[in-house]
Amino acid sequence: MGTHGTHVCGRLCVSCPNVLVLESGAMMTPMSLGEFDLIERYFWRPAGVGPKRAIVGNGDDCAVIAPQSGMQLAVSTDTMVEGRHFLSTVDPVRLGHKALATNLSDLAACGAKPLAFTLALTLPRVEEAWLEAFAHGLLQLADEHDCELIGGDTTAGPLSIGITVMGEVPVGGALLRSGAKPGDEVWVSGYPGEARLALEAFRGTLHPSLPADAFDAVRLAMECPTPRVALGQGLRGIATSAIDISDGLLGDLGHILKRSGVGVALNLDALPVSPHLKPRSLELMQDCVLAGGDDYELLFTAAPDRRAQVQQLEQDVGLMLTCIGRIEAERGVRLFNQGQPGANRWASFDHFKGAA
Ligand code: ADP
Ligand code: MG
């Protein structure tokens with residue numbers, strides 16, 4: 001990217017250095033901070049602050065990191081675009097948190113321990129208060145997981161946040177989608193469905209609307225999800241397969257079934273139901289739990305003789321784990337309610353259709 005004068009210059013910048021024209025046509029005054037000042041001020045940590053594990057960190061052409069011997073690198077990327085993945089009004093502290101949380105969730109699903117990440121940030125303008133809040137939310141979660149920001153890219157354009165995260169797993173120890181075996185039990189962590197309930201509240205589709213405290217709670221679940229990092233690492237050697245629920249429980253379970261070449265019998269009456277979903281209609285509750293998304297809970301399979309270990313892990317990480325069904329050799333999804341076969345209203349569920 002080029003810099004003209006003191007401001008970041010993207011391809012939408014005309015008449016440098018005086019005006020930045022946004023896609024909407026709105027004219028902004030010049031960015032007050034140059035690219036490098038901005039990066040240094042908000043994203044580089046002073047010596048002694050935050051984790052330091054890169055041999056060469058932020059500020060060189062490449063960061064250099066070395067996995068420990070006996071470990072493999074697990075790498076994943078997630079991008080969030082304004083208007084598609086978040087609203088322009090979202091609290092920037094929560095946005096910074098969520099941008100990293102969704103990536104840490106992918107590491108968790110593989111059983112990996114977070115090491116480092118890079119940040120590709122596209123900004124329509126430089127708003128220092130926004131940047132400070134965003135960096136705070138991002139780096140606070142990074143420090144919590146001892147995950148170092150080792151580099152990135154900063155450019156002008158419509159707001160988007162791309163993060164690539166790196167973690168480590170013992171050689172051959174990564175949890176994959178492909179290991180589910182007939183007879184395995186299917187487990188899910190926490191209360192999937194709350195993020196979808198929040199989305200419906202924002203859309204104004206809930207009648208009656210949510211009480212204020214419930215709205216705040218589910219909004220927090222949607223805007224500030226907790227990646228299940230400790231659970232993921234604890235599942236190494238216990239789970240036969242795992243995935244994080246970003247697109248909805250049934251859709252993501254479908255990925256495990258497809259990769260593993262198996263089917264499932266799911267017990268609708270066993271689904272964990274958030275206290276905020278309990279008072280709603282059965283239909284809404286099931287839609288949120290089974291076809292909601294953005295939850296970042298973990299869904300995993302484990303042999304029945306691992307049940308005691310799963311329950312011990314539940315205690316160790318302090319997170320509810322619920323057995324919701326069983327893997328079967330026959331492909332497809334079969335739903336049961338109190339032991340009786342039930343209709344699958346979500347048979348045509350496809351997260352590419354009408355995705356929010
Ligand atoms: P180059 O042009 O050599 O790719 P850049 O000008 O894009 O380098 O970035 C300069 C340095 O700042 C690099 O070390 C890069 O990793 C780092 N950097 C750029 N943007 C960010 C960011 N948003 N967060 C953290 N580090 C960043
Ligand atoms: Mg660069």
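Numbering of ligands and ligand atoms starts at 1, following listing order.
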(message) My understanding is that only one of I243, D244, V188, L235 makes a side-chain contact (heavy atoms from CB on, under 4.5 Å) with F300; could you say which?
(response) L235
(message) Quick one about E168 and Q68 (side-chain donor to acceptor, distance below 3.5 Å, no hydrogens or angles considered), yes or no?
(response) yes
(request) Answer side chain, backbone, both or neither: which part of I39 comes under 4.0 Å from ligand 1, heavy atoms only. (result) side chain
(request) Show which atoms of ligand 1 fall inside a sub-4.0 Å distance from at least one heavy-atom site of D153. (result) 7 (O), 19 (C), 20 (N), 21 (C), 23 (N)
(message) Strictly below 4.0 Å, N to O, side chains only: are R45 and D143 in salt-bridge contact?
(response) yes
(request) Identify which of G59, C62, G152, G162 has a heavy atom lying nearest to atom 27 (C) of ligand 1. (result) G152
(message) With a 4.0 Å cut-off on heavy atoms, is F36 in contact with ligand 1?
(response) yes
(request) Answer yes when R196 and D295 have at least one side-chain N-carboxylate O distance shorter than 4.0 Å, and no when they do not. (result) no
(message) So that I can tick it off, tell me whether R345 and D287 are bridged by a salt bridge, with the cut-off set at under 4.0 angstrom between side-chain N and carboxylate O.
(response) yes
(message) My understanding is that we take every heavy atom of each candidate and find the minimum distance to atom 26 (N) of ligand 1. Doing that for V56, D60, N58, which one comes out nearest?
(response) N58
(request) For F43, counting its heavy atoms only, list the atoms of ligand 1 lying under 4.0 Å from any of them. (result) 24 (N), 25 (C)
(request) Enumerate the atoms of ligand 1 whose separation from the nearest heavy atom of D61 is less than 4.0 angstrom. (result) 3 (O)
